Amino acid sequence: MKVEAYTDGACKGNPGTGGWGVLLKYGNIEKELFGGAAQTTNNQMELIAVIEALKALKRPCEVTVWVDSTYVLKGMTEWLPAWKARGWRTVDKKPVKNVELWQALEKEVARHQVKWQWVRGHAGHSGNERADALANRGATQREPIVIPNS
């Protein structure tokens, strides 16, 4: 099963009130998810968006994950192996920020065949724009809600 996952995070202040949003697409089927937190960071919301997108898939899938976050993209495609080899430390021996979220994301990624795709945020890409709107909705409502697209 091939799935497109558009993910985004938002934060009103950094740290501050934040939200995450996901648009999942499988053929003609779409599903929207969003949630938020009262005190968080943009990077945490970006990570949680991808975690929640992958958790929502009940069986292993081929997933293209669309992110506008270079933090998430580089973390998963470049930095992760080195962090693990150094015991979850950065190159300058500091603890990796958001380590619990990175570990949760790594666990979810292991369940699927994931292809990472970067998209410029706020540039009119329809999937990213919808994920951004959902993330902002999550920041406003701050309740972990899953809403199927009608």
Side-chain angles (χ1 to χ4, degrees), residues 1-84 88 96-150:
M1 182 162 102
K2 293 186 179 186
V3 176
E4 301 282 322
Y6 299 89
T7 66
D8 202 11
C11 208
K12 312 300 180 198
N14 200 16
T17 300
W20 57 267
V22 174
L23 171 64
L24 293 172
K25 295 177 96 174
Y26 169 67
N28 292 328
I29 300 169
E30 294 183 348
K31 187 173 190 176
E32 296 179 339
L33 304 91
F34 67 91
Q39 191 66 17
T40 189
T41 67
N42 189 62
N43 284 339
Q44 289 169 340
M45 292 292 95
E46 294 281 359
L47 286 163
I48 289 171
V50 182
I51 292 165
E52 293 297 327
L54 297 175
K55 277 174 55 175
L57 304 173
K58 301 303 179 202
R59 63 178 194 230
C61 300
E62 291 179 46
V63 186
T64 301
V65 177
W66 295 81
V67 295
D68 62 8
S69 166
T70 55
Y71 175 70
V72 172
L73 181 69
K74 287 186 176 190
M76 290 307 296
T77 62
E78 297 176 27
W79 305 332
L80 189 68
W83 286 340
K84 289 173 63 177
W88 292 98
V96 171
K97 290 182 182 176
N98 304 311
V99 67
E100 298 86 5
L101 294 174
W102 286 112
Q103 290 169 340
L105 179 53
E106 182 184 32
K107 178 182 171 187
E108 292 303 323
V109 166
R111 297 178 44 234
H112 305 283
Q113 292 179 318
V114 176
K115 176 182 167 192
W116 297 94
Q117 186 70 47
W118 184 79
V119 61
R120 182 177 303 282
H122 310 288
H125 187 282
S126 63
N128 179 258
E129 294 294 338
R130 285 180 63 189
D132 179 67
L134 289 164
N136 282 297
R137 188 172 172 187
T140 303
Q141 295 184 355
R142 290 198 316 265
E143 293 294 327
I145 301 170
V146 177
I147 298 181
N149 190 20
S150 35

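We use all heavy atoms of the structure for the numbers below, so side chains are in, but hydrogens, waters and symmetry mates are not. Because the structure is a prediction, the values reported are computed rather than measured.
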Rounded to the nearest 0.5 Å, what separation is found between the [atom1] atom of [X] and the [atom2] atom of [Y]?
X      : Y     : atom1 : atom2 : value
Thr40  : Asn98 : OG1   : CG    : 8.0 Å
Trp79  : Leu73 : CH2   : CG    : 9.0 Å
Glu46  : Asp8  : CD    : CG    : 5.0 Å
Glu62  : Met1  : CD    : CE    : 10.5 Å
Leu47  : Gln44 : CG    : CD    : 8.0 Å
Trp118 : Thr77 : CH2   : OG1   : 13.0 Å

What I'd like to find out is whether the side chain of [X] reaches to under 4.5 Å of the side chain of [Y], using heavy atoms alone.
X      : Y      : answer
Val63  : Lys115 : no
Leu33  : Leu134 : no
Trp116 : Val50  : yes
Leu57  : Leu24  : yes

Working for side-chain contact (heavy atoms from CB on, under 4.5 Å), residues Lys12 and Asn136: CA-CA 9 Å; Lys12 312 300 180 198; Asn136 282 297; 2.4 Å; yes

For [X] and [Y], work out which heavy atoms get closest and say how close.
X      : Y      : answer
Ile51  : Glu108 : O-CG, 4.2 Å
Gln39  : Pro15  : NE2-CB, 3.7 Å
Ala5   : Ala53  : CB-CB, 4.2 Å
Arg130 : Glu32  : NH2-OE2, 2.9 Å
Tyr26  : Lys2   : CD1-O, 3.2 Å

Is it true that, when you exclude Lys55 itself, more than 12 heavy atoms of the residues, nucleotides or ligands shown sit nearer than 6.0 Å to its NZ?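 No, because the 6.0 Å sphere around NZ of Lys55 holds 12 heavy atoms or fewer from other groups.
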
Evaluate whether atom OH of Tyr71 has more than 12 neighbouring non-hydrogen atoms of other residues, nucleotides or ligands under 6.0 angstrom away.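 Atom OH in Tyr71 is packed in, count exceeds 12.
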
Evaluate Lys97 against Trp102 for side-chain contact (heavy atoms from CB on, under 4.5 Å), listing each step before the verdict. CA-CA 9 Å; Lys97 290 182 182 176; Trp102 286 112; over 6 Å; no

Can you say whether the rings of Tyr6 and Trp66 are parallel (under 30°), tilted (30 to 60°) or perpendicular (over 60°)?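 Geometry flag for Trp66 against Tyr6: parallel rings.
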
Could you walk me through whether Thr7 and Trp20 pass the side-chain contact (heavy atoms from CB on, under 4.5 Å) check? CA-CA 8 Å; Thr7 66; Trp20 57 267; over 6 Å; no

Would you say the side-chain atoms of Glu129 pair up with the backbone N or O of Gly124, donor to acceptor, closer than 3.5 Å?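 Yes.
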
Main-chain N/O of Leu54 paired with Arg111 side-chain donor or acceptor, under 3.5 Å: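 Yes.
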
